[in-house]
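Down below is the structure, laid out as structure tokens.
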Amino acid sequence: MLYSSKFRCGIMPLCLFCALSMVFLSLSRIGLMLWLNSNVPDGSVLYILLQGLRVDFASVCGLYGPAFLILIFCSIVRLKNNAVILIIKIYLALGFTFLVFNEAATPPFILEYGVRPNHLYVQYLIYPKEVLNTLWNGHKLAVFADIFIIALSLYAGFKLASLLFKNYVFASFKITLLSFIAVIIILPLGVRSTLGHRPLNPALISFCNDPLANSLPINSSYSAVYALAHLNQGKLSASDIYSFDNKENILFEGMDFSVKKNTAHPSSKCPLNQIITSNSPQKYNVVIVLEESLGADFVKSLGGLPLTPNLEQLKNEGWWFTNLYAAGHRSIRGIEAVTASFPPSPLDSIVKLPRTESSYATLSRIYESYGYKTSFIYGGESHFDNMRNYFLENGMQEVIDQNDYKNPKFIASWGVSDEDLFLKAHEKFTQLKQNNENFFSVIFTSSFHDPFEIPEGKVKLPASIQTDEPRRLAAAMYADYALGKFFKWVEKSNYKDDTIFLVIADHESRVRGNGSFPLSKFSIPALILGPNIKAYQDERVVSQIDMAPTLLSLSGISGEFPLIGQNLNQEHIKERALMQFNQIFGYLENGKFVTLEPQGKAAFFNVGKHNSLIETKEDKQLLKKAVALENLGPLIYSQGYMLDSCINP
């Protein structure tokens with residue numbers, strides 16, 4: 001006998017089949033690592049193998065889970081039927097074939113696209129006729145090879161399952177009951193693979209800025225299934241959008257955003273490039289402090305509650321914006337707008353969308369091309385909302401998250417406190433300055449986030465504020481407290497005189513209100529501080545997407561870049577703002593506001609005091625512009641108009 005009879009009862013045959021499947025996936029991963037050794041970062045082999053086991057275990061739990069449940073059910077009712085065992089063996093053979101086929105398809109896919117099978121791999125499932133015709137007419141050898149691999153894996157999988165289930169017997173009722181309890185606990189936990197806020201996903205195990213290396217821990221079957229589950233993220237249908245527009249009108253309105261445009265090559269791959277010029281002889285460091293949810297509702301000078309005294313004090317030292325609007329009501333909208341100048345749209349944020357070709361021309365990629373050290377510093381789990389992948393694959397050389405803090409003073413549900421976060425950033429910048437290196441960094445706070453857990457004794461709500469949400473408002477105050485503490489460190493730092501800071505909210509907290517579009521909830525604070533930046537209160541209507549080109553100009557960077565926002569250092573700009581609220585797109589210009597809902601629903605408003613909306617008659621010119629700009633994001637994404645290849649120093 002090849003193995004003891006005790007392995008032929010209960011769920012043991014299935015456990016052995018899972019283990020052997022994981023061995024196969026590990027061997028495939030090792031083979032890929034040997035083949036792609038030049039792409040494997042130094043010191044990452046053990047990480048790739050261990051994380052690979054984690055993904056493989058999640059995969060076999062999800063793939064073979066139904067077989068466990070069927071077998072246990074039959075064992076409980078003592079239904080020992082040869083037909084049931086046959087069905088299980090066929091199921092296992094099909095599952096094993098699925099794993100083998102996807103791993104076999106990996107090398108040619110890597111040669112073509114540079115990563116493991118992803119959304120491109122599964123997108124073609126929509127067009128079976130075209131795919132089959134293409135394969136038969138141009139890749140007959142590959143077709144026959146695939147048929148052979150499928151047949152061989154089915155045969156091997158079935159023979160293996162038959163061997164494991166030979167002379168199979170049910171376990172005792174007690175063992176069966178214990179097996180059932182173990183299975184219903186282990187299978188869900190195995191598939192989820194974490195007790196954190198989000199289940200296992202590719203961003204959770206990303207570890208470098210090489211997409212191919214990041215894909216190595218993920219087996220190709222998991223990657224394909226994950227891509228299939230998110231297949232429609234990068235598409236818009238007629239039910240998702242007010243109306244589709246033609247490319248020429250979209251580009252015209254998009255180019256009209258920036259004052260200085262690249263008109264030398266209007267038909268090039270980069271038609272939306274704009275020219276950024278800077279008069280600064282020095283290249284400055286740039287730090288973006290992205291404040292979670294800290295909108296205008298908590299800033300007294302913007303009409304909110306008096307909860308941000310430190311920000312109010314800092315605004316007297318720099319460039320303060322009083323009419324700046326967030327691009328959306330989620331963090332990923334703020335991230336894409338501030339770091340990539342990407343316009344909001346009914347399309348999902350590019351932070352979560354699969355990349356089309358190469359990386360995006362984000363601020364991190366631009367500054368990296370100018371020799372800056374780039375980093376994303378966060379206090380929580382950076383894989384949340386795919387942030388880790390987005391930053392690492394688009395120019396961030398380093399991602400610091402909760403795992404990188406040694407002995408933080410306070411840990412909440414969303415990560416370490418803002419004080420711990422800012423201290424880590426301060427230490428990082430101090431060291432970079434000592435090394436005489438320019439740096440660009442994004443600091444993303446998280447203390448002002450439900451459930452609003454903050455260190456005790458740091459802040460106290462003013463007696464004048466009567467509220468039934470003291471924890472929430474105290475968290476807003478603490479976010480401001482930590483921000484003030486950070487700038488006290490900055491004041492005494494070695495990098496203060498060489499660094500430009502942007503403090504800006506990612507979005508307003510609790511974006512809701514009367515009417516279909518709560519415009520007042522899109523008002524957010526923004527402040528730019530730094531050398532040679534005079535105290536100034538800017539009352540122009542501007543957008544989050546304007547921050548990127550403005551920062552480039554202030555920091556001494558000149559060139560052509562595919563950024564949609566405006567350089568606010570220029571005297572004449574178009575005062576406008578683009579916003580996305582759930583499925584509704586909003587466009588604000590010259591005191592007029594239009595909202596576009598899916599399937600051709602539009603509404604027109606005049607903007608009154610405190611951003612109140614007063615419905616008015618149709619404005620055809622404003623509607624035409626809004627429709628074009630609603631289509632701008634999807635056009636840029638689908639056509640690759642903001643890829644890093646468009647960066648022209």
Side-chain angles (χ1 to χ4, degrees), residues 7 9-26 28-29 46-76 88 91-92 94-96 98-99 102-103 116 161 164 171 173-207 214-230 352 380-389 401-403 411-415 450-451 453:
F7 293 117
C9 70
I11 62 172
M12 288 308 299
L14 286 178
C15 291
L16 288 172
F17 199 94
C18 289
L20 292 172
S21 295
M22 290 181 63
V23 169
F24 163 75
L25 292 172
S26 290
S28 175
R29 182 174 293 106
L46 184 60
Y47 177 89
I48 292 173
L49 292 176
L50 291 177
Q51 291 296 333
L53 287 174
R54 177 185 184 183
V55 176
D56 296 345
F57 184 69
S59 300
V60 298
C61 285
L63 183 60
Y64 299 131
F68 277 93
L69 296 176
I70 292 172
L71 191 61
I72 289 176
F73 172 78
C74 292
S75 181
I76 291 174
I88 290 176
Y91 181 89
L92 294 177
L94 289 172
F96 183 72
F98 178 72
L99 297 177
N102 288 322
E103 290 302 309
R116 274 189 187 268
L164 294 174
F173 184 81
K174 179 180 178 181
I175 296 299
T176 300
L177 184 60
L178 291 175
S179 298
F180 175 71
I181 294 173
V183 164
I184 62 173
I185 293 175
I186 293 174
L187 285 182
L189 287 176
V191 173
R192 184 176 174 81
S193 190
T194 176
L195 296 175
H197 292 290
R198 289 295 183 270
L200 178 68
N201 59 76
L204 180 61
I205 55 179
S206 295
F207 64 98
N214 280 335
S215 72
L216 289 177
I218 309 168
N219 66 67
S220 294
S221 297
Y222 181 92
S223 180
V225 171
Y226 186 88
L228 184 63
H230 299 81
K352 297 186 70 173
E381 300 171 352
S382 60
H383 72 93
F384 180 77
D385 266 345
N386 203 49
M387 292 187 298
R388 186 179 186 87
N389 258 11
D401 68 4
Q402 186 172 348
N403 297 323
I411 302 177
S413 298
W414 285 90
D450 195 1
E453 300 162 292

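Both backbone and side-chain heavy atoms feed into the values below; hydrogens, waters and symmetry mates do not.
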**Message:** Go through it in stages, so that I can follow the logic: the residues are Ser221 and Ser59, the test is side-chain hydrogen bond (donor to acceptor under 3.5 Å, both in side chains), and I'd like the CA-CA distance, side-chain angles, deciding distance and then a yes or no.
**Reply:** CA-CA 8 Å; Ser221 297; Ser59 300; over 6 Å; no
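- To the nearest 0.5 Å, the span separating CG on Leu189 from CD1 on Ile185 amounts to 7.5 Å.
- In this structure the side chain of Gln51 never reaches within 4.5 angstrom of the side chain of Leu204, judged on heavy atoms.
- Taking CE of Met22 as the reference point, atom CG of Asn219 lies at 9.5 Å (rounded to 0.5 Å).
- Under a cut-off of 6.0 angstrom, the local environment of CG in Leu195 is sparse, with at most 12 non-hydrogen atoms contributed by other residues, nucleotides or ligands.
- Closest non-hydrogen pair, Pro217 versus Ile205, comes out as CB-CD1, 3.9 Å.
- Scanning for salt bridge (charged side-chain N to carboxylate O under 4.0 Å, His left out) contacts around Asp385 gives Arg330, Lys352, with sequence neighbours left out.
- The minimum heavy-atom distance between Leu216 and Arg29, with the atom names listed, is O-NE, 3.0 Å.
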**Val225 vs Phe98, side chain to side chain contact (heavy atoms under 4.5 Å, CB included): CA-CA, chis, key distance, verdict** = CA-CA 11 Å; Val225 171; Phe98 178 72; 3.9 Å; yes
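- Side-chain contact between Ile48 and Phe207 is present, with heavy atoms from C-beta onward closer than 4.5 Å.
- At a threshold of 4.5 Å between non-hydrogen side-chain atoms, the residues Asn386 and His230 do not count as touching.
- With a 4.5 Å cut-off on side-chain heavy atoms, Val60 and Phe17 do not count as touching.
- Across every non-hydrogen atom of Glu103 and Ser220, the tightest pair is OE2-N, 2.9 Å.
- Looking at heavy atoms from C-beta onward, Tyr64 lies out of side-chain contact with Leu14 at the 4.5 angstrom threshold.
- Residues Tyr226 and Leu200 fail the side-chain proximity criterion, which asks for heavy atoms closer than 4.5 Å.
- Side-chain atoms of Glu381 never come within 3.5 Å of backbone atoms of Asp401 as a donor-acceptor pair (strictly under, hydrogens ignored).
- Although no hydrogens or angles enter the test, the distance criterion places no donor-acceptor pair under 3.5 Å between the side chain of Arg116 and the main chain of Ser223.
- For the pair Asp56/Ser26, a side-chain contact is recorded, criterion being any heavy-atom separation below 4.5 Å from C-beta on.
- Put simply, CG on Asn201 and CZ on Arg388 are 11.0 Å apart, with the number rounded to the nearest 0.5 Å.
- Residues forming a side-chain hydrogen bond (donor to acceptor under 3.5 Å, both in side chains) with Ser179 (at least two apart in sequence, or on another chain): none.
- To the nearest 0.5 Å, atom CG of residue Asp450 and atom OG of residue Ser413 are 9.0 Å apart.
- Here the CG-OG distance, from Leu16 to Ser21, works out to 10.5 Å after rounding to the nearest 0.5 Å.
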**Message:** Show, in sequence, the C-alpha distance, side-chain angles and deciding distance for Asn102 and Tyr222, and conclude whether the side chain to side chain contact (heavy atoms under 4.5 Å, CB included) test is met.
**Reply:** CA-CA 9 Å; Asn102 288 322; Tyr222 181 92; over 6 Å; no
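- Between Arg54 and Thr194, the closest side-chain pair of non-hydrogen atoms falls below 4.5 Å.
- The minimum heavy-atom distance between Ile186 and Cys61, with the atom names listed, is O-SG, 4.5 Å.
- Interatomic distance, Leu92 CG to Phe96 CZ, rounded to the nearest 0.5 Å: 11.0 Å.
- Without hydrogens or angle criteria, Trp414 side chain to Pro451 main chain gives no donor-acceptor distance under 3.5 Å.
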